[in-house]
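Input: a single structure, listed below in structure tokens.
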Amino acid sequence: MDNQMDKNFYLNSDNWIGGFYELSIEYHPAGNDKRINDALFALKASRCFHGLWAEKKDFQKPAVSLPVAIEDASVRSFYGMISRDPGEEELPCMITVTRIEGESDWLDISIPQAVLEKRFRYRYPLTIEENHWLMAIHEIYEDLAESIYLKSPFDLAMIGEEITAETTQKELTVEFMENKEYIIFILPNRLVDRLGMNGSTPIFSNRLRIF
């Protein structure tokens, strides 16, 4: 797909309607601009990511300068592209920073499901069993989560369909995770310890476990 086709596809409003398939990352408590900006720096540096534009129309233009200011009780969005490896076909994504005053900050990296429907053999429900291509999306999100955590350790990360603030690190329980089979949970070791799950979750990295 050449750059002009890419641009047309990216800017097509039909590709941005409906829900999203997301990597949702929690930073608790809310209000620490440095943690969010460090996460955005890590995202920009990732081999899986390209962009961080202020608007969709800024496609392929220079990315926004970091750090950015984040106001209280605010939602701020950026745009980019993700892929498993440089040179592979990229997918449009939206990056959203949500500050919930008195609670947490959330960093979401979200692929429009309208794009997934056009690019892949999409079947609902959105499970690996019905959609084997989701494994590649999960690999991208897991790679991004690990890269971000190394630069800006988070409190909880989740991968799934429309899962922003589905739960929080404070509310999370083993029972909740067991009942949410369509969500992937990426847990820092300290959260694994609190939940008493040592030895029962696959090791994702030296600092993170995946459930």
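Salt bridge status for Arg209 with Asp193: absent, with no side-chain N to carboxylate O gap under 4.0 Å. Salt-bridge check for Arg84 with Asp143: failed, with every basic side-chain N at 4.0 Å or more from each acidic carboxylate O.
Side-chain atoms of Glu90 do not come within 3.5 Å of backbone N or O of Ser83 as any donor-acceptor pair. Gln60 places no side-chain N or O within donor-acceptor distance of the main-chain N or O of Lys7, the cut-off being under 3.5 Å.
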Chi angles and distances behind the side-chain contact (heavy atoms from CB on, under 4.5 Å) call for Ile25, Tyr149:
CA-CA 10 Å; Ile25 298 174; Tyr149 190 86; over 6 Å; no
Steps toward side-chain contact (heavy atoms from CB on, under 4.5 Å) verdict (Tyr141, Ile82):
CA-CA 9 Å; Tyr141 277 158; Ile82 58 175; 4.0 Å; yes
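The CG atom of Leu134 sits 8.5 Å away from atom OH of Tyr122, with the distance rounded to the nearest 0.5 Å. For the atom pair Ile36 CD1 and Leu40 CG, the distance stands at 7.0 Å (nearest 0.5 Å). For the atom pair CG of Leu144 and CZ of Arg47, the computed distance is 9.0 Å after rounding to the nearest 0.5 Å. In this structure, CH2 on Trp106 lies 6.5 Å from OG1 on Thr168, to the nearest 0.5 angstrom. Atom NZ of Lys56 is separated from atom CG of Leu11 by 8.5 Å, given to the nearest 0.5 angstrom. The distance from the CG atom of Leu126 to the CG atom of Asn131 is 5.0 Å, given to the nearest 0.5 Å.
Looking at every heavy atom in both residues, Asp38 comes nearest to Ser152 through CB-CB, 3.7 Å. Here the closest non-hydrogen pair linking Ser24 and Asp108 is OG-OD1, 2.6 Å.
Within 6.0 Å of atom CZ in Arg123, 12 or fewer heavy atoms from other residues, nucleotides or ligands are found, so the atom counts as exposed in its surroundings.
Considering Arg35, Arg194, Lys170 as possible partners of Asp155, the one that fulfils the salt bridge (charged side-chain N to carboxylate O under 4.0 Å, His left out) test is Arg35.
Side chain to side chain, Tyr124 and Glu161 meet the donor-acceptor criterion of an N or O pair below 3.5 Å.
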